[in-house]
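Right, one structure below, let's go through it.
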Amino acid sequence: MKLSRRTSWFLTAFGVWSIMIWTTFVKNLWKDSGGQAFVNGDHSQPTAFFWIHLLLAITSFVLGIAVGTVGLRGLRAARRGPAAD
């Protein structure tokens, strides 16, 4: 399958965006002292909220890497020009 440059750039940007956003989210989740992520701010007692959102973040981070990789491969292929199949 061939991707256009526009699509490749979009996928690459989406991958970078996803990685940045979810990394920031996990940092903020870890700093939570309001009692949602940890019982009374005690990091040895994570709540279900913490585990669910950590799982969402990890999944989104992995998908962001995968989508970004597809975008980068599309950009590399577009730079090489038409290939003889």
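- The shortest non-hydrogen separation linking H53 to L29 is CB-CD2, 4.1 Å.
- Summarising the geometry, atom CG belonging to D32 is positioned 10.0 Å from atom CZ belonging to F50; distances are rounded to the nearest 0.5 Å.
- Residue F14 is grouped with residue L11 when hydrophobic side chains (ILVMFWY) are merged at heavy-atom distances under 4.5 angstrom, including chains of intermediate members.
- Among residue pairs with one or both ends in residues 6-16, those qualifying as side chain to side chain donor-acceptor pair (under 3.5 Å) are S4-T7; sequence neighbours excluded.
- Around the CZ atom of F10, the shell of radius 6.0 Å holds no more than 12 heavy atoms that belong to other residues, nucleotides or ligands.
- Judged as a side chain to side chain donor-acceptor pair (under 3.5 Å), not a single pair has a partner in residues 16-31 (not counting sequence neighbours).
- Note that CG of N40 is 11.0 Å distant from OG1 of T47, once rounded to the nearest 0.5 Å.
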Worksheet item: Taking it one step at a time, do F38 and D42 satisfy side chain to side chain contact (heavy atoms under 4.5 Å, CB included)?
Response: CA-CA 6 Å; F38 302 100; D42 181 9; 5.5 Å; no
Kindly list each side-chain donor-acceptor pair under 3.5 angstrom involving residues 58-70, sequence neighbours excluded, with atom names and distances?
unit_1	atom_1	unit_2	atom_2	d
T59	OG1	L55	O	2.9
S60	OG	L56	O	3.0
T69	OG1	I65	O	2.7

